[in-house]
Amino acid sequence: MHKISQLHKYILFITLLLMSFSAKLSAQNKADSLTDEIKAEMFRKLKHFSFGFYVDAYYNGTLNSAGDTSNVVPFASNCPVQNQIRLNIAALEIGYSAERVRGKLTIQFGDAPNLLATPESQFIKNLRQANFGWRLTKKIWLDFGYFLNPIGIESSWPVLNYLSTASVGGYYEPGSVLGVKLTWNASDKFWGGIMVGNPYSLAYGKNTHMAGLTFVFYKPIPQLTLNYNNFFGNQALTNAEVNNNILYNNLIIQYNPIEQLFFTGQLDFAAQTNSQMPPDTTKAATMFSGMVEAKYIFIGKYAVAASYEFFNDYDGFLSKRYYYNHKLRGLMTQGFTVGFEYKPIKIGYIRLEYRHLFAADGNNIFLSNTSDQLQSLIFTTGVRF
């Protein structure tokens with residue numbers, strides 16, 4: 001009887017011990033479950049983020065430059081320093097995209113940001129864009145912050161261009177805007193919007209006058225895109241006695257007839273009040289510029305591209321004024337570029353280009369005011385992922 005009682009005690013003790021272990025294991029499993037939930041929540045949030053990195057290096061060799069005492073290439077939106085191996089861009093990109101909110105932040109360093117920042121805008125030179133937005137309806141977004149200007153197909157980032165360098169007209173196009181943007185995605189064939197804010201650009205500098213922009217895209221067929229953009233506002237300084245109201249128009253046509261072939265045409269027309277040269281400075285001045293370019297990809301990793309460009313700012317309200325055959329007028333140039341590209345990997349490129357710019361006869365604006373022509377061999381290489 002005593003042995004049976006003793007056995008019951010052992011059984012009871014073991015049972016209690018197992019129950020204790022079971023409780024601990026249960027608690028541990030619960031803790032693991034919470035940790036997994038936290039991890040799942042973190043991954044759920046991270047899936048809305050995108051991260052990118054871009055680096056581009058270059059060598060801009062100016063031909064017949066014996067008389068040139070400057071190391072900066074005139075009217076260069078990128079690759080601005082000649083006869084040196086340099087860093088064009090080093091950038092970090094962060095994006096966020098969810099159902100009701102989105103955002104973009106791009107920080108950049110290198111020669112291109114330093115070149116395109118005016119002295120009064122130096123604080124913002126390393127900020128390519130920084131904005132966020134709310135989805136108001138299924139097709140309408142309202143964004144706030146620092147935006148890339150929709151005007152112009154060319155970029156200071158070579159990776160975004162058919163050819164690494166940009167045209168003289170692209171150099172003088174309006175720059176980024178600090179303000180608010182309303183976008184309407186009407187359909188897959190039509191979208192557009194408006195922007196209001198302060199422009200930060202090479203041509204206009206920074207002032208306290210507000211500027212407005214509109215942008216419209218139309219894609220009648222998958223191979224063709226039509227894009228119209230404009231920029232309008234008072235470009236005079238705050239304390240100026242007269243207003244310089246500008247309307248800058250930009251039309252872009254892109255055509256991709258087959259998978260390997262791309263065509264782009266662009267035409268810019270601008271008019272600004274109280275900007276003509278004497279004797280009647282109260283009249284409006286005008287500017288025309290444009291370019292056509294093509295790119296063909298062959299054997300998958302190789303491509304050739306070519307472009308023709310022109311720029312004519314007769315009264316010099318965007319560019320400064322020069323003497324053409326002893327007559328004062330604004331900048332007038334034309335030129336062409338041809339290039340070859342090799343992509344060893346999908347995210348990287350190696351390019352070699354030849355560029356030839358011409359100014360009007362007798363207008364020595366290149367090579368430290370010793371020549372009316374500029375010839376360059378430009379090598380660029382970069383990766384973006």
List, one per line, each side-chain donor-acceptor pair under 3.5 Å for residues 184-191, sequence neighbours excluded.
residue : atom : partner : partner atom : Å
S187    : OG   : K189    : N            : 3.2
S187    : OG   : F190    : N            : 3.2

Identify all side-chain donor-acceptor contacts of residues 305-312 below 3.5 Å with residues at least two apart in sequence or on another chain.
residue : atom : partner : partner atom : Å
Y308    : OH   : Q334    : OE1          : 2.8
E309    : OE1  : V168    : N            : 2.9
E309    : OE2  : R355    : NH2          : 3.1
N312    : OD1  : R329    : NH2          : 2.4

For a quick test of your reading: what N or O donor-acceptor pairs under 3.5 Å do the side chains of residues 253-261 make, sequence neighbours left out?
residue : atom : partner : partner atom : Å
N256    : ND2  : I258    : O            : 2.4
N256    : ND2  : L261    : O            : 2.6

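Within the structure, side-chain hydrogen bond (donor to acceptor under 3.5 Å, both in side chains) pairs that include any residue of residues 100-109 comprise R102-D143, Q108-W157 (at least two apart or interchain). Contacts classified as side-chain hydrogen bond (donor to acceptor under 3.5 Å, both in side chains) and involving residues 374-385 (residues at least two apart or in different chains) are given here: E93-R384, S164-T380, Y354-Q375. Residues in residues 280-296 take part in these salt bridge (Lys or Arg N to Asp or Glu O under 4.0 Å) pairs, two or more places apart or across chains: K295-E341.
For T62, the side chain to side chain donor-acceptor pair (under 3.5 Å) partners are Q82, not counting sequence neighbours. Every side-chain contact (heavy atoms from CB on, under 4.5 Å) that N161 has, sequence neighbours left out, goes to N78, E154, S155. Legend: residues meeting side-chain contact (heavy atoms from CB on, under 4.5 Å) with F298, ordered by chain and number and at least two apart, are Y296, Y302, V304, F340. Residues that satisfy the side-chain contact (heavy atoms from CB on, under 4.5 Å) test with P279, not counting sequence neighbours, are absent from this structure. Listed by chain and number, the residues in a side chain to side chain donor-acceptor pair (under 3.5 Å) with N249 are Y228 (sequence neighbours excluded). Every residue meeting the side-chain contact (heavy atoms from CB on, under 4.5 Å) condition with A130, not counting sequence neighbours, appears here in chain and number order: L105, L127.
Among all heavy-atom pairs drawn from V338 and L163, the shortest one is C-CD2, 4.1 Å. Residue I151 comes nearest to E173 through the heavy atom pair O-OE1, 3.8 Å, listed as atom of the first residue, atom of the second, then distance.
Between the side chains of D268 and N250, at least one donor-acceptor pair of N or O atoms lies under 3.5 Å.
You'll find the side chain of Y172 reaches within 4.5 Å of the side chain of L331, heavy atoms only. Between D315 and Q272 there is no side-chain heavy-atom pair separated by less than 4.5 Å. For the pair N230/L247, a side-chain contact is recorded, criterion being any heavy-atom separation below 4.5 Å from C-beta on. Residues L352 and Y342 have side chains not in contact (no heavy-atom distance under 4.5 Å, counting atoms from C-beta outward).
Using the six-membered ring where Trp is involved, W134 and F132 have ring planes that are perpendicular, over 60° apart on the 30 and 60° scheme.
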